[in-house]
Amino acid sequence: MTELWPAIDLIDQQSVRLTEGKYESKEIMNRTAEEAIAYYNQFEQVTRIHIVDLMGALHQKPAEQEFITNLIQTSHVPIEIGGGIRSEETINYYLSNGASYVIVGTRGLQDL
């Protein structure tokens, strides 16, 4: 079976799409983040949902922690979080609030 890991990119609690990573190209998606999770949870091929805190990534600190925590609680499949994760405290926050995976990028290798 092919596994699918759909992504939900967040800015100000809205599910968005950026073109080539440019924030000024922000397009709000038709489904809210909550609706997207409910939709993705219907499919057995979806074995993980990838959520990115885009403002967290931009400012190098979490911007959507509470909202993401609420989203995690609505999912039946594991959630992977990325964006703005620069500390062990943030990693522990997400893992203790139900995230199954946390993306730290190269910072995790540069500053163990």
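Computation of the quantities below employed the complete heavy-atom set of this structure, encompassing side-chain atoms and omitting hydrogens, waters and symmetry-equivalent molecules.
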Arg31 side chain near Met29 side chain, heavy-atom distance below 4.5 Å: no

Thr69 vs Tyr93 side-chain heavy atoms within contact, under 4.5 Å: yes

Over all atoms of both residues, closest heavy-atom pair of Pro6 and Val46: CD-CG1, 3.7 Å

Side-chain donor/acceptor of Glu64 to backbone N/O of Asp12, under 3.5 Å: yes

Val16 vs Leu10 side-chain heavy atoms within contact, under 4.5 Å: no

Results of side chain to side chain donor-acceptor pair (under 3.5 Å) for Glu34 - residues two or more places apart only: Thr32

Student check: side-chain heavy atoms of Ile49 and Trp5 closer than 4.5 Å: no

Tyr101 side chain near Ile79 side chain, heavy-atom distance below 4.5 Å: no

Check: Leu71 and Ile51 side chains under 4.5 Å, non-hydrogen atoms: yes

Residues forming a side-chain contact (heavy atoms from CB on, under 4.5 Å) with Val52, sequence neighbours excluded: Asp9, His50, Leu54

Gap separating the CG atom of Asp53 from the CD1 atom of Ile11, nearest 0.5 angstrom: 9.0 Å

Check: Ser15 side chain, Ala33 main-chain N or O, donor-acceptor pair, under 3.5 Å: no

Short side-chain to backbone donor-acceptor contact, Gln42 and Tyr39, under 3.5 Å: yes

Pairwise side-chain contact, Glu88 with Asn92, heavy-atom cut-off 4.5 Å (strictly under): yes

Modelled atom types, side-chain donor and acceptor of Ser75 and Tyr40, under 3.5 Å: no

Any side-chain heavy-atom pair of Thr74 and Ile72 under 4.5 Å: no

Non-neighbouring partners of Glu20 that pass side chain to side chain donor-acceptor pair (under 3.5 Å), sequence neighbours left out: none

